[in-house]
2 protein chains.
Amino acid sequence: MHYFTPGPSALYFTAEDHIKTALKEQIPSISHRSKKFKSIYQHTSEHLRQLLNLPEGYHILFTGSATEIWERLIQNCVEKQSYHLTNGAFSDKFHSMAIAWGKDAQQLASEPGSCPDINKMNVAGGCELISVTQNETSTGAAQPLEDIYTIKKRFPEQLLAIDVVSTSPYLDLDFAQVDTAYFSVQKCFGMPAGLGVWIANERCVEKAIKIQEKGGIIGQYHSLPSLVSQAKQFQTPETPNVLNIYLLGKIAEDMLFRGIENIRKETEYKAALLYNTVEKHAGFEPFVKEKAYQSKTVVVAETQEPADKVIAFLAEKNLQVGSGYGQFKNKHIRIANFPAHSKEQMETLVDAISAM
Amino acid sequence: MHYFTPGPSALYFTAEDHIKTALKEQIPSISHRSKKFKSIYQHTSEHLRQLLNLPEGYHILFTGSATEIWERLIQNCVEKQSYHLTNGAFSDKFHSMAIAWGKDAQQLASEPGSCPDINKMNVAGGCELISVTQNETSTGAAQPLEDIYTIKKRFPEQLLAIDVVSTSPYLDLDFAQVDTAYFSVQKCFGMPAGLGVWIANERCVEKAIKIQEKGGIIGQYHSLPSLVSQAKQFQTPETPNVLNIYLLGKIAEDMLFRGIENIRKETEYKAALLYNTVEKHAGFEPFVKEKAYQSKTVVVAETQEPADKVIAFLAEKNLQVGSGYGQFKNKHIRIANFPAHSKEQMETLVDAISAM
């Protein structure tokens, strides 16, 4: 089966071989306090840093999932007030989580399938963190990078947190213009799930320390200061997902070898193919109408037929696409366009869709 | 290399084949909201339930690590006061975590290498949770099961939480006499790290709901009520470590086939070999003097020579044992005696030690 589901999805071309090599080299048996583990973390950290073009002073931290990072972010970087641009189920979930933690979590929402208009942002001076979900996996709407940089210029005092869960490393984000960003590895990195990657700068760490000094509880083993003090020695507070940390480094290395610019160009070519196909086909329509908001990595199409019929038709051809999310379950199909999806696979998929 | 480190350690005999089968069956690519994933969770849950002889009403929940479970346990089951039996680095860490969360965390400590005398326990009526680290991985001291059952009888009002991180499923714990227990998979299950397993009964869930109703914050996506409501549908709140959940079910099944009684007998045979060897050898001495407290799964020996010399000598023979923990780093060796360690491997190890 070819998996085009928006995460978990197809494994990256080299993932299986790297897992087999890891088994041969007994990576799962080494101590997470050993020199060998530290060199694995360092290798992963350095290659990811290069792949994402991370500036100095940005830490690379590991958690169990991106969902976990939402909660740690609220604990560590928001004492009282946060501001959330929301446009779908995942940005909503993060916003709800801030409310559950007793924060005054402001919200600027857009209709699903669109993105909030940043000109309408009304951020109070005391607000501590602004959250943008750059690529909303539930709807396929993507906030343009220019919007993110404009937000930073307009609100330099606030920490700016970007959800790049289903778009990094395709997204050419200038990290110097944001304070923190995070993703999970089962999307664009084409890896087995079970690892969240959190990138945070010193401003975030300082904020966490400030909250703690005021008597706030920022959590314990996975607080930012705890994660960062361990990361500086290429260590983690707990026994982590060693195999996935190893695998992430190997795949980052492979992507660098392939060239991140090539990956980006191919992603754009495949996205154009997909949008073209669903625009032309009478049975489909892109859910995101405004071209500037159309995600390149998660393409969502409204279906005239119930989506489950479309999905079953494609599954018979060994092509597994995702269903709609939540209220759109039987009205949308969602197609992942990740670096693990080759041009040839995508051409096969669009041919199958066109033939429907 | 044969890994006898006390976790991560040797992979279980069948782990590698199961990982390769999982790759062939594309388990890492399936959606965690699919029927297929639910059937994997159910398979794992049912086999683990049988292996551990779990009574009705005990939930099986998944986290990123056992370290995470410490924190969730404090958030969900302790409003004000907890009571900790401590005897080494890991039981100490859990106690410190409760303090960091602002709890009145009482402590009954023993010397490292021994276990607290439960007759000295002085638990206040308002205390909500008693914590016992059944098998202290840093020292190899194990609290006898009879102690645990006596504690439950003496303090039936308190929730009783047992750390079985480096001993389950060897330990024949009667879960009906405790409220919650937890472990990680890179110890006795012989799996890659990155998954914590939390077993909790309804009393724990009710406690969490009570704390929440009083306005306490029990955490969000990994709160007990959130984990349990998802687990009832064989689901998890976040995208979990699907590969490890699959693997855990397969290994539990393999262990059932081998027979848990056989595994226990073999563990005891190998433990006797190890303790005999270090008792007889002039260069070693068991760190835990009292036989009733000697762990069967983590054997710790004081070394006359600096431990790093002993470790290097054995490593040359492809036998990797663990160093001492913390202050004992160069004074102890720690030897894991897990189900993944065959009798033959253990005989090779004791021969090598005897020949020193």
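Proteins get letters first, then strands, A, B, ... in listed order; numbering begins at 1 in each.
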Are side-chain heavy atoms of B:Pro28 and A:Met191 found at a separation under 4.5 Å? no
Answer with side chain, backbone, both or neither: which region of B:Ile217 has an atom nearer than 4.5 Å to a non-hydrogen atom of chain A? side chain
Grab the two heavy atoms, one from B:Ala193 and one from A:Thr239, that are nearest each other, plus how far apart they are. CB-CG2, 3.6 Å
Between A:Ser65, A:Ala15, A:Ser184, A:Pro237, the one whose heavy-atom pairs under 4.5 Å with chain B are most numerous: A:Ser65
Would a 4.5 Å heavy-atom cut-off, applied to side chains only, mark A:Pro192 and B:Val242 as touching? no
Between B:Arg33, B:His222, B:Glu16, B:Gln26, the one whose heavy-atom pairs under 4.5 Å with chain A are most numerous: B:Gln26
Spatial distance of atom CD1 (A:Ile19) from atom CD1 (B:Ile19) [nearest 0.5 Å]: 8.0 Å
What option among A:Pro240, A:Gly215, A:Ala66 has the most heavy-atom pairs under 4.5 Å with chain B? A:Pro240
Selection from B:Leu195, B:Leu243, B:Leu11 maximising heavy-atom pairs under 4.5 Å formed with chain A: B:Leu11
Part of A:Lys20 lying under 4.5 Å from any heavy atom of chain B: side chain
Determine whether A:Asn244 and B:Asn241 make a side-chain contact, defined as any pair of heavy atoms from C-beta on separated by less than 4.5 Å. no
Sort A:Ile74 into side chain, backbone, both or neither according to what part of it lies under 4.5 angstrom from a heavy atom of chain B. neither
For A:Trp70, which atoms come within 4.5 Å of any heavy atom of chain B: side chain, backbone, both, or neither? neither
Using non-hydrogen atoms and a 4.5 Å limit, figure out which bit of A:Gln75 sits close to chain B: side chain, backbone, both or neither. side chain
What option among B:Ser9, B:Gly64, B:Ser31 has the most heavy-atom pairs under 4.5 Å with chain A? B:Ser9
B:Glu71 versus A:Gln220, closest heavy-atom pair with distance: OE2-N, 3.0 Å
For chain A, which candidate among B:Gln186, B:Met1, B:His32 shows the most heavy-atom pairs at distances under 4.5 Å? B:Met1
Partner chain A: residue of B:Gln320, B:Glu68, B:Glu238 with the largest heavy-atom pair count (under 4.5 Å): B:Glu68
Please classify the contact between A:Tyr221 and chain B as side chain, backbone, both or neither, with a heavy-atom cut-off of under 4.5 Å. both
